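Below you'll find the structure, written out as structure tokens, and then a few comments.
Basis for what follows: all heavy atoms, side chains included, without hydrogens, waters or symmetry-related copies. None of these values were measured; they are calculated from a predicted model. Chain A is the first sequence line, chain B the second, and so forth, proteins listed ahead of strands; every chain is numbered from 1.
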Number of protein chains: 2
Amino acid sequence: MNASIHDVAKRAGVSIATVSRVVNNSAGVKESKVAAVKEALEYYDYQPSQFGRGLVTGTSKMIGVYSPLAGGSMFESGYMLECLRGIDNIIRESSYSLLLMNESVSYEKSEKAKPKFIEYVNQKKIDGLIVLTIPSDGRLEGALSAIIEDDFPVGYIGKRFGEKGMNVYASYEEYMMDGIRRLYEKGHREIAFLPMKSRSATNQKIKSKAEIKYSGLKVNITDTTSDIDIEFLRDILEYMMEEELVTAMIVEDLRLLAKVQSILSTMGKQIGNDISVICVEHVKNEGAKMLPKIDCYYVPALQLGETIATELLDNLTGKKTKEISKRFMPEYIERGSVKEIE
Amino acid sequence: MNASIHDVAKRAGVSIATVSRVVNNSAGVKESKVAAVKEALEYYDYQPSQFGRGLVTGTSKMIGVYSPLAGGSMFESGYMLECLRGIDNIIRESSYSLLLMNESVSYEKSEKAKPKFIEYVNQKKIDGLIVLTIPSDGRLEGALSAIIEDDFPVGYIGKRFGEKGMNVYASYEEYMMDGIRRLYEKGHREIAFLPMKSRSATNQKIKSKAEIKYSGLKVNITDTTSDIDIEFLRDILEYMMEEELVTAMIVEDLRLLAKVQSILSTMGKQIGNDISVICVEHVKNEGAKMLPKIDCYYVPALQLGETIATELLDNLTGKKTKEISKRFMPEYIERGSVKEIE
DNA sequence: CTGTTAGCGCCTTCAG
DNA sequence: CTGAAGGCGCTAACAG
């Protein structure tokens, strides 16, 4: 059982107010008393209860990280995980802690139901909120706007909506279009595009835009998931390589690419020589750890996380206003996996 | 601003005691009043503040997940991540929440310093603790024993120490030895062993034990890390294949194996035909998603997490005692990546 | 510089 | 069945 402020006060021969002052670094206490209190603090290994303190201050020193897991948890996506690492890197060094909110909401019933974070905000369990990803169907925006309007500190990763709040993002559509442009300019006309299923609406849009913009281009989309069936994947690749005569591909995930590579090798095809590849890396230099090295867009997920966490923290400690929106343009890293076609 | 119990009481025309009763499902309240209170509850979207409640009950409804990150965070190891997912699966469906404690302690200064969770326990920020991995140097055991002795609910993943507390684990040494036995019995005498560096003492032990037990056997250990340099890895593989004439390998991680595979393919070697492979999978069926499919020990990390979380929860809700130790023996899954040698 | 005191929001006896 | 009242541990205002 942990000692209370009264025990400490008694042992130090002072009042609880003085103990409180010492604990909170409030100046204006005579040195001799400070020493006595410190001794007692040490003696009891005293830690102020969050409840008593919270009741008075109204804060919990806790930051919620919310992920609306549509289909897969935040622990499945390499991207979210990197964001989370970034957030953790920053928060860990602060006086705040991370409260995980991994919500398993099915798309159907989410219509009216309130997202979990609302409850936490009301209970004052969290002082601030980070949303790892804004679902594209907009189902979170209502609830989020409500608490943001209420001046609750919120940071999110994703495109900005509304006026207030903090957000950071990397524009997926933009760098995917850029990847297509690169391949087109190197002479590729039949491109395979293997994105993750979760964004399929956006992907269709990318395809149409690209095919209109670049004459003679054909983009073959296949939605993938992190646990795609390998036989299925092989069938698709065979079809694409042999029927569609695809000469290049854009893959959204390096782990998927590893599978693609092993399939291609059974078909006697080599990345770089027989087919050009552009991928996306969320961890710096990941694409250089493949053989051959892979051209990648580096989406600095770690930085996204660190940035939004820093902003939120600054906001919480009153250092900055809460009207911030930052966009990161992923850098293209050339490593020789894209060849020119005559 | 969230309403307090007083607001609700006023609106419902009852005392705060009655509101409290309704909120906590305490029976013995007249139906008409229950209805009135419920209406008011709804009206204000009332949620009891954790502070007031916690002050009285002494509980936070929070479970801490602690990971002493020696070199890598819990977000880097596939194994820990799976454990975390398992924990989350269970906790998410309960009334508890997860508080993440990812401690960045360097080995050196950890001598006397108290691990972070102590503070959280004293502050009553957590009602229970799960330790994701017990470091092999024993630096956590003292602090852990202390709170366990104090009857604080603790569950950990790792071999049991002390009398009290709950733990679950899969015996690494045991299944690694078993893998070596399998290869030996299929005629392999030169085996490459590519474990993760973090356990290098244990790995040396495995090597010596195996070489003593199985005459004529040679185990070539190379410690690896998740971000191993691919050129370095190629050099090692070349040496092992060409100088040591290795015919089989045990790899601790499927992602590493993917790299190994791509290197081998540049050497014209194929897994299964030219070299036998046994790997470890933490996600069920992961090894079947490689091409060729890989023989694996399935270490049910998800289950480890789910099990320890369930135990802790049962303990917290008073369903069970806290003297539990469960060992999981990883299952060997044959998929044809190991060939017999005459 | 320091002690006294009034709550913060809630649950839980204890009377009625 | 219900309300009044005490107290959980702490901070902050106030009075000395």
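A salt bridge links A:Arg11 and A:Glu39; the closest N-O separation between the charged side-chain nitrogens and carboxylate oxygens is under 4.0 Å. Classification of B:Lys116 and B:Glu119 as a salt-bridged pair fails, no side-chain N sitting under 4.0 Å from a carboxylate O.
For B:Lys30, whose side chain is taken as the heavy atoms from C-beta onward, the closest listed nucleotide among D:dC10, D:dT2, C:dT12 is D:dT2. Relative to the side chain of B:Arg21, the nucleotides D:dT2, C:dT2, D:dT11 differ in distance, and D:dT2 lies closest. You'll find that the side chain of A:Asn24 is closest to D:dT11, out of C:dC10, D:dT11, C:dT2. Among D:dC10, C:dC10, C:dC14, the nucleotide with an atom closest to any side-chain atom of A:Pro48 is D:dC10. Among the nucleotides D:dC10, D:dG3, C:dT2, the one closest to the side chain of B:Ser15 is D:dG3.
There is a side-chain donor-acceptor pair under 3.5 Å between B:Arg92 and B:Asn89. The closest side-chain donor-acceptor pair between A:Arg53 and A:Asn24 falls under 3.5 angstrom.
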**Item:** Evaluation steps, side-chain contact (heavy atoms from CB on, under 4.5 Å), between A:Leu99 and A:Ile63
**Value:** CA-CA 6 Å; A:Leu99 173 54; A:Ile63 289 174; over 6 Å; no
**Message:** Walk me through whether A:Ser95 and A:Lys61 qualify under side-chain hydrogen bond (donor to acceptor under 3.5 Å, both in side chains).
**Reply:** CA-CA 7 Å; A:Ser95 59; A:Lys61 302 299 264 177; 3.0 Å; yes
**Asked** Going through the checks in order, is the side-chain contact (heavy atoms from CB on, under 4.5 Å) test met by A:Val19 and A:Val14?
**Response** CA-CA 7 Å; A:Val19 175; A:Val14 299; 3.8 Å; yes
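Regarding B:Phe51, its CZ atom lies at a distance of 18 Å from the C1' atom of D:dG7, rounded to whole Å. The distance from atom NZ of A:Lys10 to atom P of D:dC10 is 14 Å, rounded to the nearest whole Å. Rounding to whole angstrom units, CD1 of residue A:Ile16 and C1' of C:dC8 are separated by 14 Å. A straight line from NE2 of A:His6 to C1' of D:dC8 spans 10 Å, rounded to a whole angstrom. In this structure, B:Gln50 atom CD and D:dG9 atom P are separated by 16 Å, rounded to whole Å. When the C1' atom of C:dC10 is taken as reference, atom CD1 of B:Ile5 falls 6 Å away, rounded to whole Å. Atom OH in A:Tyr44 sits roughly 13 Å away from atom P in D:dC10 (whole-Å rounding). Residue A:Lys124 contributes atom NZ, which lies 11 Å from atom P of C:dC8 at whole-angstrom precision.
Along DNA chain D, the nucleotide nearest to B:Gly52 and the one nearest to B:Ala17 differ in position, and the one closer to the 5' end is contacted by B:Ala17.
Base-pairing analysis of DNA chain D finds the following stems of at least three consecutive Watson-Crick or G-U pairs, with both pairing distances under 3.5 Å: C:1-16 with D:1-16.
Taken residue by residue, residues 55-62 of chain B places heavy atoms nearer than 4.0 Å to DNA chain D at B:Leu55, B:Val56. A heavy-atom distance below 4.0 Å to DNA chain C is reached by none of the residues of residues 31-39 of chain B.
Outside the 6.0 Å centre-distance limit, the rings of A:Tyr66 and A:Tyr120 are not counted as a close aromatic pair.
Proximity of B:Tyr79 to B:Ile157: side-chain heavy atoms (C-beta onward) are separated by under 4.5 Å at one or more points.
Side-chain nitrogen and oxygen atoms of B:Ser20 include none within less than 4.0 Å of the OP1 or OP2 phosphate oxygen of C:dC10. In terms of phosphate contacts, A:Arg53 brings no side-chain nitrogen or oxygen within less than 4.0 Å of OP1 or OP2 of D:dG9.
Of all the heavy atoms in B:Pro68 and B:Arg139, the pair that sits closest is CB-NH1, 4.1 Å.
Looking at B:Ile324, B:Val168, B:Leu302 one by one, the single match for side chain to side chain contact (heavy atoms under 4.5 Å, CB included) with B:Thr307 turns out to be B:Val168.
Side-chain N or O atoms of B:Asp7 include one that pairs as donor or acceptor with a backbone N or O of B:Ser4 at under 3.5 Å.
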